[in-house]
Colleague: 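Quick one: structure below, then a few questions.
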Number of protein chains: 2
Amino acid sequence: MKDPEQRFQELMQKLRSREYRLTPQRVALIRLLASSEGHPDAAELYRRLLEQFPTTSLATVYKTLNLLKEMGEVLEIEIDGIGGEGSRFDGNDPTPHPHLICVRCHRILDGQVSLTEEILQAVQGQSGYRVISHRLDFYGICPECQAQGAN
Amino acid sequence: MKDPEQRFQELMQKLRSREYRLTPQRVALIRLLASSEGHPDAAELYRRLLEQFPTTSLATVYKTLNLLKEMGEVLEIEIDGIGGEGSRFDGNDPTPHPHLICVRCHRILDGQVSLTEEILQAVQGQSGYRVISHRLDFYGICPECQAQGAN
DNA sequence: GTTCGTGCAAATCCTTTGCAGCGAC
DNA sequence: GTCGCTGCAAAGGATTTGCACGAAC
C-alpha cells in the first residue's frame with residue numbers, strides 16, 4: 001500500500017493538470033480515496049464525507065468516482081455472489097492487483113501475488129485476444145472469521 | 001467445453017435427486033444452460049425460452065438461475081467497467097475458470113489456463129485466508145475486433 | 001390432493017441523470 | 001463573469017419478491 005498522503009498529492013496533481021475544479025468536497029473525497037481504508041463502497045465514502053459536509057449527496061460521490069475511474073485512478077471492485085452490496089473502490093493503487101474477499105464478513109484484503117508472465121502469454125497465445133487488463137479475486141474465509149465459527 | 005447433452009443429463013440428474021420439479025420451462029432452460037452458448041445473460045436466456053414458451057417470464061429465469069447457482073451448478077460472470085449489462089452465466093462448466101472478455105463487443109471466451117498451485121499457496125500463506133474459490137478474468141480486444149478497427 | 005413453480009406486477013437496490021443555483025477559477 | 005460542480009429529486013436498469021393460479025408429483 002502506498003503512502004496515503006503521497007497518493008493524495010499525486011491525485012491532486014493529476015486533477016490540477018487536467019484543470020478540474022478542486023472543490024472542498026472533491027478534495028475531501030480524494031483524501032478518503034487516497035488511502036481507501038477498508039476498500040469502501042460508495043455509501044461508506046458518502047457517510048465519511050457527511051461528517052465534514054452535512055449536505056453532500058451520494059450523487060456527487062458517484063460523479064467524482066466516475067471521473068477518477070475514467071482517468072484510471074480508481075479501481076472498482078465488484079463482489080459477486082454477495083447480493084445487495086454495491087461496488088467497492090480502491091484509489092490507493094489503481095493497478096490491477098488481486099483481492100482476497102471474505103465471504104463471511106466481506107472484508108477485502110489486497111493480495112500480494114501477481115500473475116506470471118507465462119500465464120499472460122499463454123492466455124494471449126491461446127485466444128488471440130490482446131489483453132489489456134485483468135481481474136483476479138479470491139473468495140474465502142478470513143482469519144478472524146475462521147477463528148470465530150468452526151468451519 | 002463439456003458435451004452439452006451430457007451436461008444436460010448431469011443437471012437433470014442432480015435436480016431429480018434433490019426432488020425439484022421438472023417443469024417443461026425449467027427443463028428447457030436447463031438445456032440452454034447446459035451448453036451456455038455464448039455465455040448468455042438472463043435476458044438472452046429469456047429470449048430463447050420465449051420461442052418455446054411465449055408466456056414465460058424473466059422472473060422464472062432468475063429463479064431457476066438462482067436455484068442452480070446455490071447448487072453450485074451455474075457460474076455467474078459479472079463484467080465490470082461495462083455499464084448497463086447484466087451478469088452472464090455459464091452452466092456448462094461451473095468450475096472456476098478464466099474468461100476472456102472483449103471490451104469492444106463483449107464476447108466472452110473461456111480461458112484455458114489455470115492458476116498454478118504456487119500462486120494459490122502463496123495467497124493463502126500471505127493472508128491467512130482459507131481460499132474457497134477464485135475468479136480470473138482478462139479484459140482485452142478479441143481477434144475479430146482487432147481486425148475491424150485499427151487500434 | 002399437496003406442494004412447488006410460474007407469471008404477473010410491484011418493489012428494491014445501486015447507480016445515473018436533469019436541472020437550477022452556487023462557487024472555483 | 002464563466003463554466004463546472006453540487007445537491008436535490010426523479011429516472012433507470014438489473015434483479016427480487018408477493019401472491020394467486022396452475023401444474024408436477
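Below, all heavy atoms of this structure are taken into account, side chains as well, without hydrogens, waters or symmetry copies. In what follows, chains carry the letters A, B, and so on, assigned in the order in which the sequence lines appear, proteins first and then strands, with residues in each chain numbered from 1.
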Colleague: Take the protein atom CD of A/Gln52 and the nucleotide atom P of D/dG7, then report the distance between them rounded to whole Å.
Modeller: 12 Å
Colleague: For B/Leu65 and C/dG5, give me the distance from atom CG to atom P, rounded to whole Å.
Modeller: 15 Å
Colleague: Counting heavy atoms from C-beta on, name the nucleotide in C/dT6, C/dT2, C/dC25 closest to the side chain of B/Arg26.
Modeller: C/dT6
Colleague: For the pair made of CZ in B/Phe53 and P in D/dG22, what is the distance, rounded to whole Å?
Modeller: 18 Å
Colleague: Touch check for B/Gln25, heavy atoms < 4.0 angstrom, all strands: base, sugar-phosphate only, or nothing?
Modeller: sugar-phosphate
Colleague: A/Leu22 CG to D/dT6 C1': how many Å, rounded?
Modeller: 15 Å
Colleague: Does the side chain of A/Thr23 get closer than 4.0 angstrom to OP1 or OP2 of D/dT6 through an N or O atom?
Modeller: yes
Colleague: Could you check which of C/dC25, D/dC8, C/dC8 has an atom nearest any side-chain atom of A/Arg21?
Modeller: C/dC25
Colleague: For the pair made of CD in A/Glu78 and P in D/dA14, what is the distance, rounded to whole Å?
Modeller: 14 Å
Colleague: Rounded at 0.5 Å granularity, tell me how far CG in A/Leu29 sits from OG1 in A/Thr60.
Modeller: 9.5 Å
Colleague: Would one find a side-chain N or O of A/Ser87 under 4.0 angstrom from OP1 or OP2 of C/dT15?
Modeller: yes
Colleague: How far does CG of B/Leu68 sit from CG of B/Asn66, to the nearest 0.5 angstrom?
Modeller: 9.0 Å
Colleague: Is it the case that one hydrophobic cluster holds both A/Val61 and A/Phe8, taking links as side-chain heavy atoms less than 4.5 Å apart, direct or via other members?
Modeller: yes
Colleague: Would you check if B/Phe138 and A/Leu115 make a side-chain contact, meaning some heavy-atom pair closer than 4.5 Å?
Modeller: yes
Colleague: Would you say D/dT6 has OP1 or OP2 under 4.0 Å from some side-chain N or O of A/Ser57?
Modeller: no
Colleague: So, B/Arg7 and B/Glu73, do they make that salt bridge, N to O below 4.0 Å?
Modeller: yes
Colleague: Below 3.5 Å is the cut-off: list the nitrogen or oxygen pairs between protein and nucleotides 16-19 of chain C, distance only.
Modeller:
residue: C/dT16; atom: OP2; partner: A/Asn66; partner atom: ND2; Å: 3.2
residue: C/dG18; atom: O6; partner: A/Lys63; partner atom: NZ; Å: 3.2

Colleague: Using five base pairs at each end to define the local axes, how bent is the helix from C/dG1-D/dC25 to C/dC25-D/dG1, to the nearest 10°?
Modeller: 40°
Colleague: Using a cut-off of 6.0 Å, state whether more than 12 heavy atoms not belonging to A/Glu37 lie near its atom CD.
Modeller: no
Colleague: Could you pull out the closest heavy-atom pair between A/His97 and A/Thr95, with the gap in Å?
Modeller: ND1-O, 2.7 Å
Colleague: Would you say that B/Thr55 contacts B/Leu50 through its side chain, given a criterion of any heavy-atom pair below 4.5 Å between the two side chains?
Modeller: no
Colleague: Round to a whole Å and report the spacing from CD of B/Glu19 to P of C/dG5.
Modeller: 11 Å
Colleague: Could you state the atom-to-atom distance from CD of B/Glu44 to C1' of D/dT15 in whole Å?
Modeller: 18 Å
Colleague: Got a sec, which pairs hit side chain to side chain donor-acceptor pair (under 3.5 Å) with one end in residues 19-32 of chain A, sequence neighbours left out?
Modeller: A/Glu5-A/Arg31
Colleague: Does A/Thr55 put a side-chain nitrogen or oxygen below 4.0 Å from OP1 or OP2 of D/dG7?
Modeller: yes
Colleague: Between B/Asp137 and B/Glu78, which heavy-atom pair has the shortest distance, and what is it?
Modeller: OD2-O, 4.4 Å
Colleague: Checking all strands, does B/Pro54 fall into the base, sugar-phosphate, or nothing category for heavy-atom contacts under 4.0 angstrom?
Modeller: nothing
